[in-house]
Amino acid sequence: MILVLLGPPGAGKGTQAALLEKERSLVKLSTGDILRAAVAAGTELGRKAGDIMERGQLVPDDLVIGLIAERLDAGSDGNGFILDGFPRTLAQAEALDRLLKERGQLLDAVVEMRVDDEALVRRITGRFSCGSCGDGYHEDFKMPKVPGVCDRCGSTEFVRRRDDNEEVVRQRLQAYHAQTEPLIAYYERQGKLKTVDGMADIKEVHQAIARALDGG
Ligand SMILES: [Zn+2]
């Protein structure tokens with residue numbers, strides 16, 4: 001089975017991919033994982049990609065697609081692959097279709113984790129964690145029981161991720177919508193798109209994905 005997971009940054013795609021990986025013996029492939037593995041393996045394409053990344057440039061589509069082809073040809077020990085973060089654009093989706101067709105393979109399904117932008121902004125910008133033990137908190141959902149004191153370790157130091165600010169989150173959401181909306185239409189036309197509510201809790205989202213994949 002070959003599966004694509006679509007969703008904006010912060011929607012919990014990685015978490016859902018990890019659950020599917022475990023339950024269905026699929027191998028999760030993110031562009032980052034593939035690039036790192038190819039660079040480490042020192043294949044020709046990997047060396048090329050490594051040079052480009054060292055210069056701080058974006059690895060071009062045809063190179064990423066070549067690396068994905070190499071990875072698919074190497075096979076998986078399980079039942080197939082979950083692509084996480086790829087394709088991101090219509091051109092990449094079309095290239096992926098061509099690549100699979102050449103190999104006599106088919107994309108089985110595309111799961112879109114649909115989110116409410118305002119709620120996602122709130123979810124991301126409200127989170128913070130203990131600077132000492134790493135325990136996670138949220139301004140709306142989980143404040144420390146004693147204000148300013150970590151429930152788990154008693155530390156009074158809290159930290160926020162630098163990227164968890166409203167401006168960054170909104171920029172990323174905008175980029176996601178601009179790039180991904182055409183993809184959603186593309187896969188809808190192919191009859192492969194399954195949309196689940198990405199704002200539900202982790203377990204519910206997982207169950208919705210499982211139902212979508214099993215044709216329920
Ligand atoms: Zn703590």
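A salt bridge does not link Asp197 with Arg114: every distance from a Lys NZ or Arg NE/NH1/NH2 to an Asp or Glu carboxylate oxygen is 4.0 Å or more. Note on Arg24 versus Asp214: salt bridge recorded, some NZ/NE/NH1/NH2 to OD/OE distance being below 4.0 Å. At a threshold of 4.0 Å, the pair Asp73-Arg103 counts as salt-bridged, since one of the basic side-chain nitrogens sits closer than that to a carboxylate oxygen. Under 4.0 Å is where a charged nitrogen must lie from a carboxylate oxygen, and between Arg127 and Glu139 no such pair does.
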Next on the checklist: Apply side chain to side chain contact (heavy atoms under 4.5 Å, CB included) to residues Ser155 and Cys133 and explain how you reach the verdict.
Outcome noted: CA-CA 8 Å; Ser155 164; Cys133 74; over 6 Å; no
Checklist entry - Given Ile124 and Val121, is the side chain to side chain contact (heavy atoms under 4.5 Å, CB included) satisfied, shown in steps? => result CA-CA 5 Å; Ile124 296 173; Val121 167; over 6 Å; no
Next on the checklist: Walk me through whether Leu26 and Phe81 qualify under side chain to side chain contact (heavy atoms under 4.5 Å, CB included).
Outcome noted: CA-CA 5 Å; Leu26 297 168; Phe81 296 98; over 6 Å; no
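With values rounded to the nearest 0.5 angstrom, Leu3 atom CG is found 11.5 Å from Lys192 atom NZ. Between the CD1 atom in Ile209 and the CD atom in Glu204 there is a gap of 12.0 Å [rounded to 0.5 Å]. We find the CG-NE2 distance between Leu20 and His206 to be 6.0 Å, quoted to the nearest 0.5 Å. Taking CG of Leu5 as the start and NZ of Lys194 as the end, the distance is 13.5 Å to the nearest 0.5 Å. Distance check: Leu67 CG to Leu29 CG gives 11.0 Å after rounding to the nearest 0.5 Å. Taken from CG in Leu90 to CD in Glu94, the straight-line distance is 4.5 Å, to the nearest 0.5 Å.
The environment of CZ in Arg161 is sparse: at most 12 heavy-atom neighbours from other residues, nucleotides or ligands sit within 6.0 Å. Residue-environment remark: NZ (Lys142) exceeds the threshold of 12 foreign heavy atoms within 6.0 Å.
Side-chain contact, Glu112 with Thr195: a donor N or O sits under 3.5 Å from an acceptor N or O.
Classification of the Tyr137-Phe158 ring pair by plane angle, with boundaries at 30° and 60°, yields perpendicular.
In terms of modelled atom types and a separation under 3.5 Å, the side chain of Glu157 and the main chain of Ser132 share no donor-acceptor contact.
For Glu118, the salt bridge (charged side-chain N to carboxylate O under 4.0 Å, His left out) test picks out Arg170, with sequence neighbours left out. Partners of Asp97 under the salt bridge (charged side-chain N to carboxylate O under 4.0 Å, His left out) rule, at least two apart in sequence or in another chain, do not exist in this structure.
Closest approach of His177 to Pro182, counting heavy atoms only: O-CD, 4.4 Å.
Among residue pairs with one or both ends in residues 28-46, those qualifying as salt bridge (charged side-chain N to carboxylate O under 4.0 Å, His left out) are Lys28-Asp33, Lys28-Asp84, Asp33-Arg36; sequence neighbours excluded.
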